[in-house]
Asker: 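Before we start, here is the structure in question, set down as structure tokens.
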Amino acid sequence: MKFHNVDKKLNKYRRMSLKYSAVLGALLSGAVMPLSYAQELKPSATPANIQVPAGNKLFQVGHAVGTQDYICLPVAGSVKFILFTPQATLLKDNKQTMTHYYSPNPVESGLVRASWQSSKTGSIIWGKVADGNASSDDAYVAHGAIPWLLVTVVGAQHGANGSSDKLDKTTYIQRVKTTGGVAPVSGCVSSTDVGNKAFVPYTADYLFYKKAN
């Protein structure tokens with residue numbers, strides 16, 4: 001009888017040990033509460049000229065990895081590398097959420113604008129940078145990095161079959177924490193270089209805002 005009670009207690013402790021091991025494993029793997037969900041989204045500190053107007057709130061952040069693509073063109077009697085498109089993938093928790101590139105905005109009769117397209121629904125938004133809404137303030141922007149921006153959304157379109165998500169509710173986008181992406185200093189110095197292209201790696205965080213109410 002005594003040994004039977006000991007066996008019962010040992011079995012109980014084994015079950016408890018297995019239970020707590022499973023919980024600990026889930027916590028370590030992020031299955032119970034992933035860090036990205038536990039953390040509250042907070043706007044980045046930015047220069048005053050690219051701050052988002054009051055009445056808008058941050059709802060999504062994507063980390064972009066890609067290139068800034070330039071072509072050498074004649075400009076004012078000389079030649080210069082001109083950006084013709086970014087090509088970037090935006091990630092959240094190491095999963096692709098959208099792509100970023102230039103495309104015609106149907107709301108503006110096909111005017112080419114920077115665009116962001118949802119990888120889930122295909123919904124897409126277009127944006128422009130108004131005068132004064134770019135910053136290379138070295139208190140914020142890393143040396144050799146493209147400027148931080150405030151982008152105003154000027155067009156939106158639902159995805160295939162009218163599918164919608166939060167992306168097409170976006171009012172403003174901030175581009176912050178940039179690295180790289182600046183046009184090279186060589187490869188576009190004379191008329192013989194016209195047509196040369198340069199694909200310059202860059203990274204950035206894009207912060208998406210929508211109306212607060």
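None of these values were measured; they are calculated from a predicted model.
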Asker: Does Thr170 reach the main-chain N or O of Tyr172 with its side chain, forming a donor-acceptor pair under 3.5 Å?
Answerer: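 No: the side chain of Thr170 does not pair with the backbone of Tyr172.
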Asker: Indicate the atoms forming the closest heavy-atom contact of Tyr140 with Pro47, along with that distance.
Answerer: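 Result for this residue pair: CD1-CG, 3.5 Å.
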Asker: So which heavy atom on Pro147 is nearest to which on Ser136, and how close?
Answerer: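 What the structure gives for the nearest pair is CG-OG, 3.6 Å.
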Asker: Specify the closest pair of heavy atoms between Ile124 and Ser103, including all atoms of both residues, with the distance to one decimal.
Answerer: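 The pair with the smallest heavy-atom distance is CD1-OG, 4.0 Å.
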Asker: In the structure I gave you, are the side-chain heavy atoms of Leu150 and Val52 within less than 4.5 Å of one another anywhere?
Answerer: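 Contact flag for Leu150/Val52 side chains = yes.
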Asker: Check step by step if side-chain hydrogen bond (donor to acceptor under 3.5 Å, both in side chains) holds for Thr46 and Ser44.
Answerer: CA-CA 6 Å; Thr46 63; Ser44 295; over 6 Å; no
Asker: Would you call Leu91 and Thr97 a side-chain contact if the rule is heavy atoms closer than 4.5 Å?
Answerer: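 No. Closest side-chain heavy atoms not under 4.5 Å.
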Asker: On the six-membered ring of Phe59, is Lys210 placed so that its NZ or CZ lies under 6.0 angstrom from the centre and within 45° of the ring axis?
Answerer: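 Yes, Lys210 and Phe59 form such a contact.
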Asker: Of all heavy-atom pairs between Val79 and Cys72, which one has the smallest distance, and what is that distance?
Answerer: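 Smallest heavy-atom distance, with atoms named: CB-SG, 4.0 Å.
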Asker: I'd like to know if the side chain of Asp93 and the backbone of Lys95 have a donor-acceptor N/O pair within less than 3.5 Å.
Answerer: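 A pair under 3.5 Å: no.
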Asker: Test Thr99 against Gln117 for side-chain hydrogen bond (donor to acceptor under 3.5 Å, both in side chains), laying out the working first.
Answerer: CA-CA 5 Å; Thr99 52; Gln117 185 167 22; 4.5 Å; no
Asker: Do the non-hydrogen side-chain atoms of Ile146 and Arg175 ever get within less than 4.5 Å of each other?
Answerer: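 Yes, their side chains come closer than 4.5 Å.
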Asker: What is the minimum heavy-atom distance between Ser123 and Asp168, and which atoms define it?
Answerer: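 That would be CB-OD2, 3.9 Å.
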Asker: In the structure I gave you, are the side-chain heavy atoms of Leu167 and Ile125 within less than 4.5 Å of one another anywhere?
Answerer: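 Side-chain contact under 4.5 Å: yes.
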Asker: Of all heavy-atom pairs between Thr178 and Ala145, which one has the smallest distance, and what is that distance?
Answerer: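 Reported closest heavy-atom pair: O-CB, 3.4 Å.
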Asker: Is there a side-chain contact between Val151 and Gln174, using heavy atoms and a 4.5 Å cut-off?
Answerer: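 In short, these two side chains do not touch, never coming nearer than 4.5 Å.
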Asker: When you measure from the side chain of Asn196 to the backbone N and O of Gly187, does any donor-acceptor pair fall under 3.5 Å?
Answerer: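 Here the side-chain-to-backbone pair exists.
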Asker: Going by heavy atoms in the side chains, are Ser186 and Val189 under 4.5 Å from each other?
Answerer: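 Contact flag for Ser186/Val189 side chains = no.
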Asker: Is there a donor-acceptor pair under 3.5 Å between the side chain of Asn56 and the backbone N or O of Ala212?
Answerer: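 No: the side chain of Asn56 does not pair with the backbone of Ala212.
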Asker: Which pairs count as salt bridge (charged side-chain N to carboxylate O under 4.0 Å, His left out) when at least one residue sits in residues 45-74, sequence neighbours excluded?
Answerer: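 Sorted result for residues 45-74: empty, none.
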Asker: With the side chain counted from C-beta on, respond yes when Lys128 and Arg113 share a heavy-atom pair under 4.5 Å apart, and no when they do not.
Answerer: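 Lys128 reaches Arg113 side chain to side chain.
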Asker: Decide yes or no for Phe81 and Val182: does some side-chain heavy atom of the first lie under 4.5 Å from some side-chain heavy atom of the second?
Answerer: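 Heavy-atom side-chain distance check fails, nothing below 4.5 Å.
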Asker: Show which side-chain atoms of residues 197-208 pair as donor or acceptor with protein atoms under 3.5 Å away, not counting sequence neighbours.
Answerer:
residue : atom : partner : partner atom : Å
Tyr202  : OH   : Tyr206  : OH           : 3.0
Thr203  : OG1  : Thr179  : OG1          : 2.4
Asp205  : OD1  : His63   : ND1          : 2.8
Tyr206  : OH   : His100  : NE2          : 3.4

